[in-house]
Amino acid sequence: MRDAYHEELDSIGDSLVEMARMVGSAIGRATTAILDADLKLAESVIEADQKVDDLQHDLEARAIALLARQQPVATDLRIVVTSLRMSADLERSGDLAQHVAKLTRLRYPERAIPQDLHATILEMGQLAQRLMAKAAEVLVTKDVDLALQLEQDDDAMDLLHRTLFQHLMDERWKHGIETAVDVTLLGRYYERYADHAVAVAKRVVYLVTGEHADELQADVQPEIQQVSGAEGA
């Protein structure tokens, strides 16, 4: 019975990894679809999101069954509860990739993104995909240092998000209100997607250490400052 219990815990972890890889692929394909006005690809992203939803529902059912049958405590309880929260982050990431694809469909056969913003959107899409790939790796390896790096990587997404707004606020903007709304929404989708990838990594930190990532980073920062001060002395 105990072996079966731990196998089920491992199975929940495997499902999280699968979800992360699926939503990572989804944001990459959705980005290609919106930049190329590829309706067929966009539709495939929209349809595939149901598989992510199904995985989450199955994971939730198994996790709740474990809570009811085994009444886990300590580390095992942390695994189950944290897994439920991570599955919600990943499901929401899939929704955001779907939103990008739906915007492609809404504007088809026109391109939703002006040519002068293609490079920025492409970079945001690629960064989002890399962040989720790292989150998937963290789920597999339980590497706390790698998990903590994701928040720093997310700073690049925030910078790209601000770049989009600079374009929108520029008096030379000539693409109209509808496109401005599309670009605003799209920037938000990518920014939130990145936040969910970071949230998954932070939850792994809590899973492994029992401490929240922000607390660990606060502990590390004074040490970095002390080392820097010693080097400068």
Side-chain angles (χ1 to χ4, degrees), residues 13-35 41-42 45 48-49 51-53 55-56 59 82-104 113 117-165 183-209 212-214 216-217 220:
D14 291 342
S15 293
L16 288 171
V17 174
E18 185 178 358
M19 286 181 70
R21 290 172 175 164
M22 288 174 68
V23 300
S25 172
I27 198 66
R29 291 183 294 119
T31 301
T32 299
I34 201 161
L35 292 177
L41 184 58
V45 174
D49 187 58
K51 295 178 182 177
V52 176
D53 293 345
L55 260 178
Q56 190 209 14
L59 186 153
T82 303
S83 295
L84 284 168
R85 291 174 175 170
M86 287 191 287
S87 74
D89 282 312
L90 293 169
E91 188 274 335
R92 184 58 183 146
S93 299
D95 287 345
L96 291 163
Q98 187 185 57
H99 291 340
V100 175
K102 285 183 175 180
L103 187 55
T104 304
I113 305 303
L117 290 180
H118 270 220
T120 302
I121 295 301
L122 176 60
E123 192 172 354
M124 293 182 85
Q126 290 174 339
L127 179 56
Q129 194 168 9
R130 288 198 302 272
L131 281 165
M132 192 56 74
K134 273 192 176 182
E137 184 178 352
V138 167
L139 282 166
V140 172
T141 64
K142 305 296 187 293
D143 186 330
V144 171
D145 291 334
L146 181 61
L148 294 174
Q149 286 176 19
L150 260 77
E151 190 157 17
Q152 297 173 358
D153 295 339
D154 183 48
D155 291 342
M157 183 67 82
D158 293 336
L159 181 59
L160 288 167
H161 194 205
R162 288 195 294 271
T163 298
L164 279 185
F165 274 97
V183 170
T184 300
L185 288 172
L186 194 60
R188 183 60 173 163
Y189 297 154
Y190 283 115
E191 188 264 342
R192 288 298 299 143
Y193 183 100
D195 286 346
H196 285 297
V198 172
V200 169
K202 283 184 171 183
R203 296 192 198 284
V204 173
V205 172
Y206 176 69
L207 185 64
V208 173
T209 68
H212 293 287
D214 294 340
L216 282 179
Q217 288 169 328
V220 170

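What you are looking at is a predicted structure, and each value in this text was computed from that prediction instead of being measured.
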| query | Any side-chain heavy-atom pair from Val205 and His212 closer than 4.5 angstrom? | reply | no
| Side chains of Glu18 and Asp14: closer than 4.5 Å at any heavy-atom pair? | no
| query | So Leu146 and Glu137, side chain to side chain contact (heavy atoms under 4.5 Å, CB included) or not? Walk me through it. | reply | CA-CA 9 Å; Leu146 181 61; Glu137 184 178 352; 3.6 Å; yes
| said: So does Leu84 get a backbone contact from the side chain of Ser87, meaning a donor-acceptor N/O pair under 3.5 Å? | reply: yes
| note | CG (Asp158) and OG1 (Thr163) are apart, to the nearest 0.5 Å, by 10.5 Å
| said: Run the side chain to side chain contact (heavy atoms under 4.5 Å, CB included) test on Phe165 and Thr184 for me, step by step, so that the C-alpha distance in whole Å, both residues' side-chain angles and the decisive distance to 0.1 Å come before the verdict. | reply: CA-CA 8 Å; Phe165 274 97; Thr184 300; 4.1 Å; yes
| task | Check whether any side-chain heavy atom of Leu160 lies under 4.5 Å from a side-chain heavy atom of Thr120, and answer yes or no. | result | yes
| remark: From the list Leu139, Asp89, Leu16, Val208, side chain to side chain contact (heavy atoms under 4.5 Å, CB included) with Arg203 holds only for Asp89
| request: For a side chain to side chain contact (heavy atoms under 4.5 Å, CB included) with Met124, tell me which candidate from Val100, Thr31, Leu164 qualifies. | output: Leu164
| remark: Smallest heavy-atom separation, Ser25 atom then Gln129 atom, equals CA-NE2, 4.2 Å
| With a 4.5 Å limit on heavy-atom distance, are the side chains of Lys142 and Leu207 in contact? | yes
| field | Pairwise side-chain contact, Met86 with Met19, heavy-atom cut-off 4.5 Å (strictly under) | value | no
| From CG (Leu185) to NZ (Lys102), nearest 0.5 Å | 13.0 Å
| field | Verdict with supporting geometry, Arg192 and Arg92, side chain to side chain contact (heavy atoms under 4.5 Å, CB included) | value | CA-CA 9 Å; Arg192 288 298 299 143; Arg92 184 58 183 146; 6.0 Å; no
| query | What orientation do His99 and Tyr189 show, parallel under 30°, tilted 30 to 60°, or perpendicular over 60°? | reply | tilted
| Minimum heavy-atom separation for His118 to Leu35, with atom names? | CE1-O, 3.2 Å
| task | Using side-chain contact (heavy atoms from CB on, under 4.5 Å) as the criterion, list what pairs up with Thr32, not counting sequence neighbours. | result | Asp36, Leu41
| said: How close do His161 and Arg188 get, counting heavy atoms only, and between which atoms? | reply: NE2-N, 3.7 Å
| Straight-line distance of Glu91 CD to Leu59 CG, nearest 0.5 Å | 12.0 Å
| Val200 vs Leu90 side-chain heavy atoms within contact, under 4.5 Å | yes
| message | If you compare all heavy atoms of Leu150 against all heavy atoms of Ala201, which two are closest, and at what distance to 0.1 Å? | response | CD2-CB, 3.8 Å
| So which heavy atom on Asp154 is nearest to which on Ala194, and how close? | OD1-CB, 3.2 Å
| query | Can any side-chain N or O of Tyr193 pair as donor or acceptor with the backbone N or O of Val23 at less than 3.5 Å? | reply | yes
| For the residue pair Ala20 and Met132, what are the closest heavy atoms and their distance? | O-CG, 3.3 Å
| field | Test log, rule salt bridge (charged side-chain N to carboxylate O under 4.0 Å, His left out), inputs Arg130 and Asp153 | value | CA-CA 9 Å; Arg130 288 198 302 272; Asp153 295 339; over 6 Å; no
| request: Quick one: do Tyr190 and Leu127 satisfy side chain to side chain contact (heavy atoms under 4.5 Å, CB included)? Show the steps, please. | output: CA-CA 9 Å; Tyr190 283 115; Leu127 179 56; over 6 Å; no
